[in-house]
Peer 1: 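Below is the structure I would like to discuss, written out as structure tokens.
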Amino acid sequence: EIRPRDWSSDVCSSDLTCGRQNGKTVGCQALLGWWITEFAHLRGRPQQVLSTAHKLDRATALFREVAPILEAQFAAKITWAYGRMRADLPDGSSWTVAAATESNAHGSSNDLIVVDELWAVSPTVLFDAYRPSQIARKNPPLSMWSTAGDESSTAMLRLISQATAAIDMKRPSRLYYASWSPPPGASLEDRRFWAYANPALGETITMSALEAAFDSPDRNAFLRAHLNLFVAARSSWLPSGVWEQCRTDDPVPAGGRSEEHTSELQSRGLI
């Protein structure tokens, strides 16, 4: 027997990141399909679900895979009009698809929001529109999925900063953060660390495919897409990893410092 539960009204968030083609889309599809069917039944009331991404074609990709299943197995009424895609279930639950833009981010109330490609979603849309749309719902998750971005990924960087601060302070938080990426200081040319960002390695991804991507002239693109590492900028003048590779513990050769610099270091007790 299923009994109603006393759900709280706190918004909980999750941010999951990994390299590309590692199953984020399948994870989103599973969450959306389960929530609007099985979990709606468990909660005993209709669920309002929104899925979104920085571009409409990316957002509709999830819907195109799951909607036929909802129609065939759960008698959902599907609206296929581009820009107005929607699934309505017999129990009153609904799933709406939208691009994560300021013009259409307001006006809804959602039990679940799934954000794909978080790295390209603006803070205004995420924090000023999506989060407030869940305040009147019970235990409404804001589920965010992405690969690493760059310095323009402001919203994602804020969330990571919040999560890591809570982790460092061992403080409970309503933001769950999971990142598949190489550990700090790891050599990015060491193939052993490539698996850290690719949990699907050996399944949907092969080492030979990663090797081919590594040989690309755009090293930053490889680091972002396949090692799930943030880069300072998409077109930085110094390729990522070059500065770290120049670090050495060898003693400075004679004449390697100016007299003024040496005196300053001596005054500070550093040499």
Peer 1: Please confirm whether the backbone N or O of H226 pairs with a side-chain atom of N198, one donor and one acceptor, at under 3.5 Å?
Peer 2: yes
Peer 1: Is there side-chain contact between T52 and V125, with heavy atoms separated by less than 4.5 Å?
Peer 2: no
Peer 1: Check whether any side-chain heavy atom of Y130 lies under 4.5 Å from a side-chain heavy atom of L50, and answer yes or no.
Peer 2: yes
Peer 1: Looking only at non-hydrogen atoms, find the nearest pair between A148 and M156 and report the distance.
Peer 2: CA-CE, 4.3 Å
Peer 1: Under 3.5 Å, is there a donor-acceptor pair linking the side chains of T206 and S208?
Peer 2: yes
Peer 1: Mind jotting down which residue pairs meet the ring pair (Phe, Tyr, Trp, His ring centres under 6.0 Å) criterion with at least one end in residues 166-187? Sequence neighbours excluded, please.
Peer 2: none
Peer 1: Does D111 reach the main-chain N or O of V49 with its side chain, forming a donor-acceptor pair under 3.5 Å?
Peer 2: no
Peer 1: Hey, does L126 have a side-chain heavy atom less than 4.5 Å from the side chain of L142?
Peer 2: yes
Peer 1: Are the side chain of T204 and the backbone N or O of Q21 linked by a donor-acceptor pair below 3.5 Å?
Peer 2: yes
Peer 1: Is any side-chain heavy atom of L229 closer than 4.5 Å to one of P182?
Peer 2: yes
Peer 1: Is any side-chain heavy atom of V66 less than 4.5 Å from a side-chain heavy atom of L62?
Peer 2: no
Peer 1: Ignoring hydrogens and geometry, is there a side-chain-to-backbone donor-acceptor pair from W194 to L188 under 3.5 Å?
Peer 2: yes
Peer 1: Tell me, which pairs form a ring pair (Phe, Tyr, Trp, His ring centres under 6.0 Å) where one or both residues lie in residues 58-80, sequence neighbours left out?
Peer 2: F63-W80, F63-W95
Peer 1: Could you tell me the separation between the OG1 atom of T25 and the CZ atom of R20, rounded to the nearest 0.5 Å?
Peer 2: 9.0 Å
Peer 1: Do S94 side-chain atoms and A87 backbone N/O form a donor-acceptor pair below 3.5 Å?
Peer 2: no
Peer 1: So, using ring-ring contact (aromatic ring centres under 6.0 Å, His included) as the criterion, who are the partners of W35 when residues are at least two apart?
Peer 2: F39
Peer 1: Given I113, which partner from the list P140, S133, S108, S51 fulfils the side-chain contact (heavy atoms from CB on, under 4.5 Å) test?
Peer 2: S133
Peer 1: Quick one, E117 and V121 - any side-chain contact, counting heavy atoms below 4.5 Å?
Peer 2: no
Peer 1: Through direct or indirect side-chain contacts below 4.5 angstrom among Ile, Leu, Val, Met, Phe, Trp and Tyr, which residues connect to I69?
Peer 2: none
Peer 1: So, using ring-ring contact (aromatic ring centres under 6.0 Å, His included) as the criterion, who are the partners of F127 when residues are at least two apart?
Peer 2: none
Peer 1: Compare all side-chain heavy atoms of D215 with those of F222 and state whether any distance is below 4.5 angstrom.
Peer 2: no
Peer 1: So which pairs with a foot in residues 157-170 pass side-chain hydrogen bond (donor to acceptor under 3.5 Å, both in side chains), sequence neighbours left out?
Peer 2: none
Peer 1: With a 4.5 Å limit on heavy-atom distance, are the side chains of Q48 and S109 in contact?
Peer 2: no
Peer 1: State whether D190 and R192 are salt-bridged, where the test is any N-O pair (Lys NZ or Arg NE/NH1/NH2 against Asp/Glu carboxylate O) under 4.0 Å.
Peer 2: yes
Peer 1: More than 12 non-hydrogen atoms from neighbouring residues, nucleotides or ligands closer than 6.0 Å to CZ on R86, yes or no?
Peer 2: yes
Peer 1: Which heavy atom of N22 sits nearest a heavy atom of A200, and at what distance?
Peer 2: OD1-N, 2.8 Å
